Number of protein chains: 2
Amino acid sequence: MSSPSGHRGPPSRRRQSGRATIGAVAQAAGVSRATVSRVMNGLPTVDPELVERVRAAAAALGYEPDGTAQSLALGRTGVVGIIVPDLGNPVFQAVLRGLSSAAGDRDYRVLIADSHERAEEEPILAREIRRRSDGLVLCAPRMPDEVLRQVATVRTPVVLLNRRLDGLGVPTVSVDHAHGMRAIAGHLAGLGHRRVAYLSGPANSAANRVRLATLRTAGTGRFALHQVAGGAHFEDGHDAVERILATGATAVVGYNDLVAYGALARLAELGRSVPGEVSVTGFDDIPFARYANPSLTTVAIPLEELGRQAWNRLWAHLAGEEPSPDVQFAPELVVRHSTGPAPVAR
Amino acid sequence: MSSPSGHRGPPSRRRQSGRATIGAVAQAAGVSRATVSRVMNGLPTVDPELVERVRAAAAALGYEPDGTAQSLALGRTGVVGIIVPDLGNPVFQAVLRGLSSAAGDRDYRVLIADSHERAEEEPILAREIRRRSDGLVLCAPRMPDEVLRQVATVRTPVVLLNRRLDGLGVPTVSVDHAHGMRAIAGHLAGLGHRRVAYLSGPANSAANRVRLATLRTAGTGRFALHQVAGGAHFEDGHDAVERILATGATAVVGYNDLVAYGALARLAELGRSVPGEVSVTGFDDIPFARYANPSLTTVAIPLEELGRQAWNRLWAHLAGEEPSPDVQFAPELVVRHSTGPAPVAR
DNA sequence: TTGTAGGCGTTATCAA
DNA sequence: TTGATAACGCCTACAA
């Protein structure tokens with residue numbers, strides 16, 4: 001209310017309280033600002049004595065170059081952004097980790113925006129992040145194609161994660177979900193399961209559609225498939241177990257590790273043996289999957305590597321190099337202890 | 001090598017490829033740059049017709065104000081930074097989530113730096129992040145006091161997380177680990193455990209020192225305490241189980257949930273019943289703790305709330321408000337299913 | 001209501 | 001080797 005523009009932002013106090021500027025240092029050292037700049041950036045073409053004077057003055061004043069001013073002058077920020085739908089999801093945490101780590105190797109930092117699953121916010125966040133960074137990694141599984149097309153059609157480098165968008169030449173790092181799901185189907189069929197429940201993900205999730213469709217196709221003639229409404233979180237899996245058991249399925253295929261984990265927990269509460277009575281599979285291979293009890297059979301997506309590959313493409317663009325070709329990972333099945341032979345007695 | 005300054009940075013191409021500027025829009029709309037600025041910021045004192053012209057021109061040119069230039073002119077970036085020792089640790093993930101969420105409510109974004117547990121990097125990262133942001137949240141459990149003092153003694157607002165530093169008036173959000181550990185000691189003693197193993201954390205971790213010392217004190221006269229070397233990760237807990245069992249302890253107190261989780265997994269592999277033969281406790285209450293099998297008895301630190309409180313203090317400083325008093329959370333025991341009465345037979 | 005002009009802090013060009 | 005000086009793109013008194 002106090003702000004004239006109606007913003008809720010804080011007082012935009014210019015003249016940062018007392019922060020020393022390059023001019024102050026120049027004055028104190030008796031040189032020009034240009035020389036201070038050269039010293040601060042370690043350019044070799046400065047008289048050693050002046051270097052010393054400048055260093056001393058800078059130290060005395062506690063001077064540090066202002067990043068914003070540097071960014072403006074240099075035309076680059078040294079920052080890349082990432083938009084994720086849910087920071088609480090281990091999948092995006094891992095991707096973020098990979099991105100942050102790879103970017104850090106080049107002294108780039110990561111600016112982060114969490115859309116909290118509100119797809120309609122994402123275009124806005126994308127604009128905002130782009131204005132503050134040199135490039136953007138977009139994880140927006142639920143964003144409608146047309147919106148995505150708009151967001152991706154900008155001069156700022158953008159890399160799409162786990163989402164294809166043909167036509168425009170937007171670099172993409174994706175995952176062949178079908179490949180992974182076929183492996184799961186084969187694994188379960190081979191174990192003798194004839195009645196399988198798919199614990200589904202969010203209806204508007206592209207990954208969910210692909211995973212379900214693949215499971216249906218791959219299972220045809222091998223097992224009956226029941227679909228049970230789920231979601232993307234623990235609770236969704238936890239709460240779906242009774243409905244799953246009602247189908248008489250001997251194996252449940254979770255949309256992702258999280259729902260599988262939830263199902264596992266509920267099954268334990270109910271005293272059902274896994275995999276003795278029911279087998280359970282996940283998808284993604286989040287770090288906790290191997291520590292489930294029983295450990296979770298799943299499909300391993302190299303999540304951190306996705307983040308790193310996204311960085312590689314961003315970096316190629318920033319450095320003006322040839323754009324790396326799109327990558328698509330074929331995730332492999334990881335058999336652990338949550339799956340076993342179908343129980344013989346029916 | 002191609003860069004004169006020895007930097008490994010990318011080409012600092014000034015003149016961002018064709019990006020429209022405020023001047024271009026002004027020219028296209030036949031008004032001054034000041035007017036464009038007013039329109040873009042929604043100032044009401046502009047003739048509706050001009051507003052329309054400017055809007056159209058901006059849209060036609062795909063103009064968007066440059067964030068860096070705005071930051072420089074306004075003297076604020078709209079960004080806060082956070083330094084964490086390990087982005088892979090659920091504890092810091094949760095803190096980050098709380099910070100990001102709270103900051104987002106004020107349209108602030110979060111710039112992140114992961115020190116990968118290398119404490120000596122942290123001062124450097126801190127400087128770098130500060131230059132690009134309006135304030136900094138510091139999670140640096142292993143940083144030496146003297147270094148911390150230097151890092152915290154700057155004009156940029158800093159908030160310390162889970163770390164006290166007396167003398168300077170640096171806002172702090174902390175946790176009373178002793179309070180939580182006393183609760184665990186009481187809980188186990190009450191269940192009849194007379195021989196307890198402490199699965200320790202990193203030796204140079206302040207939290208580890210406090211937790212261990214408290215457990216020792218609180219256990220005196222109630223149970224014998226064995227210390228077993230551990231760490232901060234799954235594997236450390238997993239690999240310590242044999243040594244724990246060798247002590248004959250009937251209860252193991254994990255330094256944190258992660259090591260407790262690892263211990264749980266190993267105990268299951270060995271066919272040991274939890275809590276029938278051995279009870280296990282954690283610390284922190286990370287999201288996965290409740291989904292362990294058996295679910296993990298632990299001490300609940302309001303991790304996201306820590307992040308939010310850190311933001312509150314940063315915001316107070318940014319808004320020039322009265323600095324909120326330091327907070328210290330007294331985390332409470334959460335009894336789940338990994339603890340039970342000590343086995344009678346010895 | 002609009003435009004002019006100066007400033008934000010830094011880097012880079014070009015003479016000297 | 002050093003120093004003026006002009007960008008970088010935007011915001012904002014101040015004047016008209």
Side-chain angles (χ1 to χ4, degrees), chain A residues 3-5 7 9 11-27 29-54 58 61 63-78 130-132 134, chain B residues 3-5 7 9 11-27 29-54 58 61 63-78 130-132 134:
Chain A
S3 180
S5 64
H7 272 332
S12 58
R13 44 181 165 140
R14 312 193 37 168
R15 180 135 282 156
Q16 293 252 33
S17 55
R19 227 167 126 46
T21 72
I22 197 174
V25 176
Q27 193 163 3
V31 299
S32 73
R33 296 177 306 174
T35 296
V36 176
S37 174
R38 291 192 265 258
V39 172
M40 296 306 291
N41 292 315
L43 297 206
T45 67
V46 183
D47 185 293
E49 186 194 316
L50 288 191
V51 171
E52 205 37 61
R53 288 227 306 270
V54 169
L61 295 172
Y63 168 71
E64 292 196 28
D66 179 281
T68 302
Q70 287 182 316
S71 296
L72 184 59
L74 292 171
R76 61 184 215 87
T77 62
R130 268 197 341 246
R131 296 170 355 113
R132 306 191 181 301
D134 297 336
Chain B
S3 181
S5 64
H7 271 334
S12 60
R13 43 179 165 146
R14 306 181 58 156
R15 178 137 281 154
Q16 294 253 30
S17 55
R19 230 167 123 45
T21 73
I22 197 174
V25 176
Q27 192 164 4
V31 299
S32 73
R33 295 179 309 173
T35 295
V36 175
S37 174
R38 290 191 265 258
V39 171
M40 295 308 290
N41 293 314
L43 297 206
T45 68
V46 183
D47 185 292
E49 187 194 317
L50 288 191
V51 172
E52 205 36 60
R53 288 226 306 269
V54 170
L61 295 172
Y63 168 72
E64 291 196 30
D66 179 281
T68 302
Q70 286 183 317
S71 296
L72 184 59
L74 291 171
R76 59 182 216 89
T77 62
R130 266 196 344 242
R131 294 167 358 107
R132 307 190 178 304
D134 298 336

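In what follows, chains are A, B, ... by sequence order, proteins preceding strands, each numbered from 1. Every value quoted in this text rests on a predicted model; they were computed, and no experiment measured them.
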- Query: How do B:T35 and A:A69 order along DNA chain C: which one's closest nucleotide is nearer the 5' end?
  - Reply: B:T35
- Message: Side chain of B:Y63, heavy atoms from C-beta onward: which of D:dC10, C:dT11, D:dT2 has the nearest atom to it?
- Response: D:dC10
- Message: Of the options D:dA4, D:dC11, C:dT2, whose atoms approach the side-chain atoms of B:D47 most closely?
- Response: C:dT2
- Among the nucleotides D:dG3, D:dT12, D:dC10, whichever has the atom closest to the side chain of B:D66 is D:dC10
- Query: Of the nucleotides C:dC8, C:dT10, D:dG3, which has the atom closest to the A:P65 side chain?
  - Reply: C:dT10
- Query: Taking only side-chain nitrogens and oxygens of B:S37, does any of them come within less than 4.0 Å of OP1 or OP2 of D:dC11?
  - Reply: yes
- Item | Phosphate OP1/OP2 of C:dT11: any A:Q70 side-chain N/O under 4.0 Å | yes
- Closest listed nucleotide, where the reference is the side chain of B:T45 and the choices are C:dT2, D:dT2, C:dG3: C:dT2
- Query: Taking the side chain of B:S32 as its heavy atoms from C-beta onward, which of C:dG9, D:dG9, C:dG3 lies nearest to it?
  - Reply: C:dG3
- Item | Main-chain N/O of A:T77 paired to B:R132 side chain as donor or acceptor, under 3.5 Å | yes
- Message: Determine whether a donor-acceptor pair (N or O, by modelled atom type, separation under 3.5 Å) exists between the side chain of A:R33 and the backbone of A:T21.
- Response: no
- Note on the structure: To the nearest angstrom, the CG-P distance between B:L50 and C:dT1 comes to 11 Å
- Note on the structure: Among the nucleotides D:dT12, C:dT13, C:dT10, whichever has the atom closest to the side chain of B:L74 is D:dT12
- Minimum-distance nucleotide (side-chain atoms of B:R33 versus C:dG3, C:dT11, D:dC11): D:dC11
